[in-house]
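Every chain is numbered from 1, with letters handed out A, B, ... down the list of sequences.
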Amino acid sequence: MDVGSRRAKISGETRRQNILGYLWISPWILGFILFTVGPMLASVVLSFTNYRIITPPRWTGIRNYVFALTQDRLFWPSMGRTFYFMLISVPLGLLGSLLLAVLLNQRVRGESVFRTFFYLPSLTPAAAAAILWVWLLHYEVGLVNHLLSIIGVSGPPWLASVRWAMPAMILISLWTGIGGGRMIIFLAGLQGVSQELYEAADIDGAGGWRKFLNITLPMISPTIFFNLILGIIGALQVFTTAFIATEGGPGRATWFFALHIYSNAFQYFDMGYASTLAWILFLVLLVFTLIQLRLSDQWVYYAGS
Amino acid sequence: METTSVMRADKSVKHGSEYWKRYAWRGVIYLFTIALGIIFMLPFIWTLSSAFKNPWELYIFPPTWIPQEPRPYNFVRVFEVVPFARWIYNSILVAFFNVAAQVLVASAVAFGFSRFRFKGRNVLFVMMLSTMMLPVHVTIIPTFLMFRYIGWLDTLLPLIVPAFFGGGAFNIFLLRQFFMTIPLDFDEAAYVDGASSFTIFAKLIMPLSKPAISTVAIFAFLGSWNNFLGPLIFLNSARNFTVSLGINYFKVAPLDAGEPRDHLLMAASTLITLPGIILFFAAQRYFISGIVMSGIKG
């Protein structure tokens, strides 16, 4: 075979790879344009307009953004509440998931039974979980206050009180969250830590707690980081539980940012302003994720890099 | 932490004190695990118990764990007071198409990403992965307007059709990872025999990927069955609701004057939670492997 025809054959193969490759991924490319890029662009444009569906959108420049940051009386409180929820539920959730994974990793008898017990709450549809917890947290005849009364504590009115609605939200998110996928990912991470490292530490006479701090935690830090990022993304978008259980109340105590977007878009049909709010949330999320990525250099340990 | 102490004790049981320490730790761990297991299961048991109670029994104090007169009729009554059968039918319909579309389309796309070296492949793949981080609110408003424009609001189509366009980033990622483990030599041998890429996809890759496909099917079903925001935005009339949206409507739906509903809500919650739990018990290993795969890229 001479060089020329081989080159022709190679470029023919490259062409074939290009054509077939794009052919096979074409459904995703279409979907990416139709349901991601297109809507994102439309949403940016809408965020600079006044659009209430009945009349065509009217360009208003940055007025929506100014209104959100300076005049919308629910903007900062709902943003603050969402961050409060995130700052408490994400660390508690991560710690809880890690604790459960560590327990399951002790080669306890019946591990799969316990794993199932911990995992099942995460399978409950969010709507059912919300309904169920409204009942569990009932002031007078709810299970939680019944159990509290056994140990002599008179429980608060939970979802019906401005003060206790947020802790209740966090409690619900922990029940549905800590035994779910996060715990399984931690468990896989723990099982992936090389036994040789522990054996080497034994020879050096390291104690259990020191081994956990100096071997286990650094080795699973990529997993912690992954779960942290997903946790933050999820917490900033918290919606369903609050929408069903409290409708954002009482007295807006659980009026999260996602509820604010939803009500502007689909209750007041103020599509322009709701798009503005959505983009602010997206930017906040982006900045937060980038900060986490930057900080991760300090504490996430990637083996082999 | 107790973890590593136990590991250590496992290996050195020479001394008496070490021996007892080991058993004490085991005891603590078991007590702790069992206590947590009970705490996690109590809400389910409570819901189930409430679902079988007479309405009056819900409000007595102290509450009862075992219904004094178990009333399975509650589960029937749910179907009488709201169009619950219709909601289940809608949910099954949506879930069926989502499972079929996500499995087929995500497999095809993953096949493209894993089997061909085309220009811009890596950039597109990273873009695809990054869509998983995108908050739903950024796209939902224009998507709503689009479906409104083509007259699909209050139909199940907005919940079904998008699945055919890509099949979900997470699914594509998971399937691609799996396809990469199948040696390319297989494909090449088939190409030499004159097979087309479609034949290789349908006759070689898909049959070899049953575990990954099962995982995708399970999560597609759960994602669709549990979806709340989509139905909430796209559906209006009670007849067209899915179970998740239906149960929210049931909370405030007009019933016969004075008919209590808390026990019925518990029965309905139980009914819509059941499919996920049954699926978990039937296919536990696919669940676990799927979740573990999702953590790999972390």
Quick check for you: to the nearest 0.5 Å, what is the distance between I29(A) atom CD1 and L124(B) atom CG?
5.5 Å
Go through the atoms of Y59(B) and report whether side chain, backbone, both or neither lie under 4.5 Å from a heavy atom of chain A.
both
Comparing T36(A), I215(A), L30(A), L120(A) against chain B, the one with the most heavy-atom pairs below 4.5 Å turns out to be L120(A)
With a 4.5 angstrom heavy-atom cut-off, is it the side chain or the backbone of F257(A) that approaches chain B, or both, or neither?
neither
Answer with side chain, backbone, both or neither: which region of F198(B) has an atom nearer than 4.5 Å to a non-hydrogen atom of chain A?
both
Which atoms of F147(B) approach chain A - backbone, side chain, both or neither, heavy atom under 4.5 Å
side chain
Structural part of T33(B) lying under 4.5 Å from a heavy atom of chain A
both
Minimum heavy-atom separation for F269(A) to F144(B), with atom names?
CE2-CZ, 4.3 Å
Once rounded to the nearest 0.5 Å, what's the spacing between atom CE of M133(B) and atom CG of L230(A)?
6.0 Å
I'd like to know which of V136(B), N226(B), T47(B) tops the heavy-atom pair count under 4.5 Å against chain A.
N226(B)
A side-chain contact here means heavy atoms from C-beta on lying under 4.5 Å apart; do N248(B) and F243(A) qualify?
yes
Tell me whether the guanidinium CZ or amine NZ of R16(A) lies under 6.0 angstrom from the six-membered ring centre of Y191(B) and within 45° of its axis.
yes
Proximal component of L147(A), with respect to chain B [non-hydrogen, under 4.5 Å]
side chain
Partners meeting salt bridge (Lys or Arg N to Asp or Glu O under 4.0 Å) with D262(B) (sequence neighbours left out)
none
Under 4.5 Å from any heavy atom of chain A - which part of S197(B):
both
At a 4.5 Å cut-off on heavy atoms, which part of Y30(B) comes close to chain A: side chain, backbone, both, or neither?
side chain
Checking heavy atoms, do the side chain of S47(A), its backbone, both or neither come under 4.5 Å from chain B?
neither
Examine distances only and state if a side-chain atom of T139(B) and a backbone atom of P39(A) form a donor-acceptor pair shorter than 3.5 Å.
no
Interface moiety of L123(A) toward chain B, non-hydrogen atoms closer than 4.5 Å:
both
Gap between atom CG of L36(B) and atom CZ of F118(A) - 0.5 Å precision
5.0 Å
Ranked by heavy-atom pairs below 4.5 Å to chain B, first place among G181(A), A265(A), P121(A) goes to P121(A)
Which of the residues I53(A), L100(A), I19(A) is involved in the greatest number of heavy-atom pairs with chain B at under 4.5 angstrom?
I53(A)
For the interface with chain B, which of F32(A), W279(A), F114(A), W133(A) has the highest count of heavy-atom pairs at distances below 4.5 Å?
F114(A)
Heavy-atom closest pair, residues F228(B) and A127(A)
CD1-CB, 4.1 Å
Under 4.5 Å from any heavy atom of chain A - which part of V138(B)
both
Closest-packed option against chain B by number of heavy-atom pairs under 4.5 Å, given L20(A), L213(A), I233(A), T124(A)
L20(A)
So, the part of V243(B) with a heavy atom under 4.5 Å from chain A: the answer is neither
What I'd like to find out is whether the side chain of I288(B) reaches to under 4.5 Å of the side chain of Y119(A), using heavy atoms alone.
no
Taking the side chain as everything from C-beta on, heavy atoms only, tell me whether L103(A) gets closer than 4.5 Å to I29(B).
yes
Please classify the contact of A258(A) with chain B as side chain, backbone, both or neither, using a heavy-atom distance under 4.5 Å.
both
Flag the pair L265(B) / V134(A) as yes when at least one side-chain heavy-atom distance between them is below 4.5 Å, and no otherwise.
no
Using heavy-atom distances under 4.5 Å, tell me whether L245(B) contacts chain A through its side chain, its backbone, both, or neither.
neither
Supply the atom-to-atom distance Q106(A) CD to W25(B) CH2, rounded to the nearest 0.5 angstrom.
9.5 Å
Per-residue contact mode, R115(B) against chain A (heavy atom under 4.5 angstrom):
backbone
Chain A contact via I277(B) - which portion, at a heavy-atom distance below 4.5 Å
both
Where does I131(A) contact chain B at under 4.5 Å (heavy atoms): side chain, backbone, both or neither?
both
Go through the atoms of E247(A) and report whether side chain, backbone, both or neither lie under 4.5 Å from a heavy atom of chain B.
side chain
Of L58(B), I172(B), L229(B), the largest count of non-hydrogen pairs under 4.5 angstrom with chain A goes to L58(B)
Side chain, backbone, both or neither: which part of I261(A) has an atom under 4.5 Å from a heavy atom of chain B?
side chain
Return the OG1 to CG distance between T273(B) and L132(A), rounded to the nearest 0.5 Å.
7.0 Å
Mutual orientation of the aromatic rings belonging to H137(B) and F239(A) [parallel < 30°, tilted 30-60°, perpendicular > 60°]
perpendicular
Which portion of L279(B) sits near chain A, non-hydrogen atoms under 4.5 angstrom
neither
Toward chain A, the part of M128(B) with a non-hydrogen atom under 4.5 Å:
both
Do you know which of T131(B), L134(B), L222(B) has the most heavy-atom pairs under 4.5 Å to chain A?
L134(B)
Hey, what do you get for OG (S43(A)) to CD1 (I141(B)), rounding to the nearest 0.5 Å?
6.0 Å
Looking only at heavy atoms, what is the nearest atom pair of P43(B) and W175(A), with distance?
CG-NE1, 3.5 Å
Would you check if I25(A) and F116(B) make a side-chain contact, meaning some heavy-atom pair closer than 4.5 Å?
no
Is there a ring pair (Phe, Tyr, Trp, His ring centres under 6.0 Å) between W28(A) and F125(B)? Walk through the geometry before answering.
CA-CA 10 Å; W28(A) 173 74; F125(B) 192 69; 8.9 Å; no
Answer yes or no: is there a donor N or O on one side and an acceptor on the other, between the side chain of Y22(A) and the main chain of K119(B), under 3.5 Å?
yes
Heavy-atom distance under 4.5 Å between the side chains of Y262(A) and L232(B), does that happen here?
yes
Aromatic rings W24(A) and F111(B): how do their planes relate, parallel, tilted or perpendicular, breaks at 30° and 60°?
perpendicular
Where does I229(A) contact chain B at under 4.5 Å (heavy atoms): side chain, backbone, both or neither?
side chain
Heavy-atom pairs under 4.5 Å with chain A: which of A106(B), P162(B), G120(B) has the most?
P162(B)
Going by heavy atoms in the side chains, are F35(A) and T143(B) under 4.5 Å from each other?
yes
Select, from M40(A), E140(A), R109(A), the one with the greatest count of heavy-atom pairs under 4.5 Å involving chain B.
R109(A)
Taking every non-hydrogen pair under 4.5 Å, which of G246(B), A268(B), G112(B), G168(B) racks up the most with chain A?
G112(B)
Would you mind reporting whether P63(B) and L143(A) have side-chain heavy atoms less than 4.5 Å apart?
no
Is L145(B) close to chain A through its backbone or its side chain, or both, or neither, when contacts mean heavy atoms under 4.5 Å?
side chain
Is F282(A) close to chain B through its backbone or its side chain, or both, or neither, when contacts mean heavy atoms under 4.5 Å?
both
